[in-house]
Amino acid sequence: MPPGQGRADPYRVWLSEVMLQQTTVVAVKSYFERFTQLWPTVQDLAAAPDDQVMAEWAGLGYYARARNLVACARAVAALGQFPDTREGLAALPGIGPYTSAAIGAIAFDRPETVVDGNVERVISRLHALEEPLPASKPEIYRLAAAQTPTLRPGDYAQAMMDLGATICTPRSPACGICPVIEFCQARRLGIAAELPRKMPKKAKPQRQGTVWIGFSGSSVLVETRPDKGLLGGTLAFPSAGWDGSDLPPPALADWHELGLVRHVFTHFALDLTVMTAELTLPPERGRLVPLGEFSATALPGLMRKAWALARPNPARPATTRRHGKPTSET
DNA sequence: CACTCGTGGAA
DNA sequence: TTTCCAAGAGT
């Protein structure tokens with residue numbers, strides 16, 4: 001997508017913008033390449049099975065994005081093409097205020113006001129906004145809209161985001177090489193690095209839970225999680241105690257403890273006890289999958305950590321199978 | 001409007 | 001080790 005060279009493929013713009021929601025470019029890159037290779041067009045993606053898309057998304061996080069991605073692809077396939085207006089785009093699942101504006105500007109050359117975290121920071125500093133986020137968002141949007149050009153709005157939007165990502169960074173902004181330093185009120189006041197101010201965030205509560213990794217010969221017991229809620233729609237091992245569910249083990253068996261997995265979600269931290277057993281009775285939930293057909297890459301990060309303790313042939317045996325406090329407690 | 005929803009890298 | 005946080009959306 002050379003700057004100023006016509007328009008980018010709406011499908012690729014959409015896919016990349018959705019993947020980049022709250023996710024770094026480095027983390028997205030390989031996923032984007034994989035998705036566009038597997039599904040070159042929105043029609044291809046629309047025809048893909050849900051579980052295959054979920055498996056390819058595994059590890060990227062925020063799994064509602066993957067579920068909305070498929071729903072959106074199917075809606076667009078039914079329409080025949082992507083809507084070319086912000087309103088039309090925003091009506092699709094997984095496309096909100098930011099993404100609809102970004103696609104409109106980048107793919108359809110529309111002068112939409114594109115405001116992401118980068119733009120919020122750049123605008124906050126340019127105008128030295130002292131009011132903390134998120135209360136300052138309406139004012140940020142007004143100021144951003146007032147300086148959005150009608151010429152090459154897509155390049156402008158990406159330039160603003162690149163400025164925030166590479167120069168006007170959250171910590172230690174590189175004001176010395178900033179191309180718009182002469183317009184920056186925060187720099188003039190010497191408070192650039194302190195903006196935007198933010199409301200203090202709540203501490204993360206600690207949760208406990210248990211995950212059961214059961215084997216039956218050369219098969220392992222897995223389940224697909226409900227679409228709603230934590231890790232919604234992902235492949236997982238049966239678990240309980242941490243996500244609102246309080247189910248018993250998925251099968252009556254001689255479960256024994258393998259260790260503890262620590263994981264941090266957006267709004268809580270989790271200590272998950274990993275149990276394993278050889279199943280001699282049919283499981284009451286989940287399904288047995290032959291290890292030859294099982295790949296940990298289809299699991300979300302939390303479940304990959306648990307699998308690392310239970311997998312039959314650890315390529316590299318972990319030096320520590322137990323986390324927590326090795327000192328006391330036997 | 002406050003809360004839910006992942007993950008991994010950097011300071 | 002702890003904290004922050006990254007091209008937000010849905011409810």
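Worth saying up front: this structure is predicted, and the values here are computed from it rather than measured. Here is the naming used below: chain letters follow the sequence lines, and residue numbers restart at 1 for every chain.
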Next on the checklist: Within the 3.5 Å criterion, strictly below it, is a donor on A:Y156 or A:Q147 matched to an acceptor on the partner's side chain?
Outcome noted: yes

Item to check | side chain to side chain donor-acceptor pair (under 3.5 Å) contacts touching residues 207-222 of chain A (sequence neighbours left out) | outcome: none

Checklist entry - Which residue pairs pass the side chain to side chain donor-acceptor pair (under 3.5 Å) test with at least one member in residues 63-75 of chain A, sequence neighbours excluded? => result A:T23-A:R65, A:D50-A:R74

Checklist entry - Which side chain to side chain donor-acceptor pair (under 3.5 Å) pairs, counting each pair once, include a residue from residues 168-179 of chain A, with sequence neighbours left out? => result none

Checklist entry - Expressed in whole Å, how much space separates the P atoms belonging to C:dA9 and B:dG8? => result 22 Å

Expected list for residues 54-61 of chain A: side-chain donor-acceptor pairs under 3.5 angstrom, two or more places apart:
unit_1	atom_1	unit_2	atom_2	d
A:E56	OE1	A:R34	NE	3.2
A:W57	NE1	A:G61	O	2.9

Item to check | Interatomic distance at P, B:dG6 relative to C:dT3, whole Å | outcome: 22 Å

Checklist entry - In whole angstroms, how far is the P atom of C:dC5 from the CG atom of A:L20? => result 19 Å

Checklist entry - Counting only side-chain N and O atoms of A:K201, is one of them less than 4.0 Å from OP1 or OP2 of C:dT3? => result no

Show me, pair by pair, the donor-acceptor contacts under 3.5 angstrom made by side chains of residues 283-293 of chain A, not counting sequence neighbours?
unit_1	atom_1	unit_2	atom_2	d
A:R285	NH2	A:P248	O	2.7
A:R287	NH1	A:T224	OG1	3.2
A:R287	NH2	A:T224	OG1	3.4

Checklist entry - NA contact type, A:T99, heavy-atom cut-off 4.0 Å: base, sugar-phosphate, or nothing? => result sugar-phosphate

Item to check | Footprint string (nucleotides 4-11 of chain B, 5' to 3'): B base within contact, S backbone only, - free, heavy atoms under 4.0 Å | outcome: SBBB----

Checklist entry - Rounded to whole angstrom units, what separation is found between the CZ atom of A:R121 and the C1' atom of C:dG8? => result 15 Å

Checklist outcome for this item: To the nearest angstrom, the CD1-C1' distance between A:I140 and C:dG8 comes to 14 Å

Item to check | Integer-rounded Å distance: C:dG8 P and A:Y141 OH | outcome: 16 Å

Next on the checklist: I want to confirm an ordering. Mapping A:P93 and A:K198 to their closest nucleotides on DNA chain C, which one lands closer to the 5' end?
Outcome noted: A:K198

